[in-house]
Amino acid sequence: MKGLNHMTQRAYIAEISNYHGKDVKIHGWVYNKTGKGKLLFIMIRDGTGIIQAVIFKNNLKPEIFEACQNLTQESAIIVTGTVSEDQRAKGGYELQANDVEIVHIAEEYPISPKEHGTDFLMDNRHLWLRSSKQHAVLKIRHEIIRAARNYFDNLGFTLIDAPIFTPNACEGTTSLFETDYFDTKAYLTQSGQLYMEAAAMAFGKVYCFGPTFRAEKSKTRRHLTEFWMIEPEVAFCDLNQDMDLAEGMVEYIVTKVLENRQDDLEILERDVSKLENIKRPFPRITYDEAVEFLKAADADFVQGDDFGATDETIISEHFDKPVMITHYPAAVKAFYMKKDPQRPERALCVDMIAPEGYGEIIGGGQREDDYDTLLHDIKKHDLPEHAFQWYLDIRKYGSVPHAGFGLGIERTVAWICGRPHIRETIPFPRTMYRLNP
RNA sequence: UCCGGUGUAGCUCAAUCGGCAGAGCGGGUGGCUGUUAACCACUAGGUUGUAGGUUCGAGUCCUACCACCGGAGCCA
């Protein structure tokens, strides 16, 4: 018996249907346990799925059965048994156990199968990751990141990593995290964009993917102090081509999630029909057209301002796809935005607003490529000219029209997963009031 | 930073007009061969966020502080 078990092949739960009728070993943790005297049901999760092991007293050594009765939630075990099909089991398959090796008996687990508050769960984030919904969200996050990178890789983009430590504010508008850097100060980056502009002139099509930091004291469901962005930048590219790239990427990401993470969307009870709708072309409207929606809705909005969260929701409710809004007043946008030659008070920029009230997921546009204009804008924004000398250099040596955008990963995950709060879309969220765990 | 809200058992919550500190889950013990957040019986578990104050008496009322939640601004 022992000898046979030793030969038994290790299997992962996700591929259990390939082992119908065969003996396998499952390495995992006790998700839940129930039973009826001489019969125990142990739900085992192994990171790829959950399966029920049927522990019948007569099929195991007495001391092993007794040990199984004392298993606690999240204890680590290796179960050997025969894979069988059974309608009564969740997932359709179960494991008829003939041996159980106990790797570790877990102490009383803080997260019970009942309801918990968010603060408690976030204090136990290192354990909460094991719960099925959190697991599903992070599997989808992985799929989104993989899809975004594949999209650019397939189009011949080069991944260029931007620095995390920066000497100055990239945009000069929002506050930055300051840190000691030997005998000077450094700041944690809030965007890799400026570096991507330099890289685009070297490689043509580039993107970066990394963490960004904002020291804003924002306390909303859409904000984190540390979040991840994917930022493409393309030389010889105008605003319209930039929007083509953006909608192509979002369509590709949604398609891949629907293709590969069907089970996880189901665990999250996501309305998949809303995602199946996300096909090119996406609607493209101007700032002025968006303002008309707000006027019609009698929104509390000041002409010339940027849109607030409720404004974005009102606008997005007119569409069942992400909507791209262009030509904002240049005054509310960053200094590097190129002005519309037809209307110099407007910027050649684009924001993409996700459907269902999930807000802005993309911000981007065409960059100012004229040296004198850019220098003027830097001075106008009271930015230190010397710190931007290298950035200005890009406009001195073969300057070309170029454009790019930044996609916020966590907001995209929140939208695709249908999660109400962004903090569940990153493994270990950093907010104004949370630095632990 | 501003506005609003919440803090009671390990967790989720109740406690009427200011009058004995409660339940479910989780834990422990026992029972059960088809459970799906099992069920049944028994059992342990409390500085009511902190510090003051009012009162014969405070979980409940007052003041300050702390923690967290939601929203605004800003943004992805």
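Just so it is clear, the structure is predicted and the values come from calculations on it, not from any experiment. Numbers restart at 1 for each chain; the letters A, B, ... are given by sequence-line order, proteins then strands.
Not a single donor-acceptor pair, N or O on each side, falls under 3.5 Å between the base of B:G34 and the side chain of A:Q87. In terms of polar N and O atoms assigned as donor or acceptor, the side chain of A:R411 comes within less than 3.5 Å of the base of B:C75 in a complementary pairing.
In this pair, A:W228 and A:F209 present their aromatic rings tilted. The plane angle is within the 30 to 60° band. Note: A:F335 and A:Y391 have perpendicular aromatic rings, judged against thresholds of 30 and 60 degrees for the angle between ring planes.
Scanning residues 141-150 of chain A for heavy-atom distances under 4.0 Å to RNA chain B yields an empty list.
For the atom pair OH of A:Y336 and CD1 of A:I378, the computed distance is 12.0 Å after rounding to the nearest 0.5 Å.
Under 4.0 angstrom from either OP1 or OP2 of B:C68 there lies no side-chain N or O belonging to A:R423. Applying the 4.0 Å criterion to OP1 and OP2 of B:A72, one finds that A:R221 has every side-chain N and O outside that range. OP1 or OP2 of B:A38 has at least one side-chain nitrogen or oxygen of A:N32 nearer than 4.0 Å. When the side-chain nitrogen and oxygen atoms of A:K90 are compared with OP1 and OP2 of B:A37, one or more of them lie within a distance under 4.0 Å.
Atom CD in A:Q96 sits about 13 Å away from atom P in B:G34, given to the nearest Å. When rounded to the nearest whole Å, the span between CZ of A:F213 and P of B:A76 equals 16 Å. For A:H116 and B:U12, the NE2 to P distance is 7 Å, given to the nearest whole Å. What separates OH of A:Y109 from P of B:G10 is a distance of 19 Å, to the nearest Å.
A side chain to side chain donor-acceptor pair (under 3.5 Å) with A:R346 is found for one member of A:D288, A:T326, A:T286 and no other, namely A:D288.
Using a 5.5 Å limit on the distance between ring centres and a 30° limit on the angle between planes, the aromatic ring of A:F41 does not count as stacked on the six-membered base ring of B:G34.
Using a 4.0 Å cut-off between charged nitrogen and carboxylate oxygen, A:K133 and A:E269 count as a salt-bridge pair.
B:G70 is paired with B:C3 under the criterion used here, namely a Watson-Crick or G-U wobble arrangement in which both key atom distances are under 3.5 Å.
Take the nearest nucleotide of RNA chain B for A:L224 and for A:N70: the residue whose nucleotide is more 5' is A:N70.
Looking at heavy-atom distances under 4.0 Å, A:Q73 makes no contact with the nucleic acid at all.
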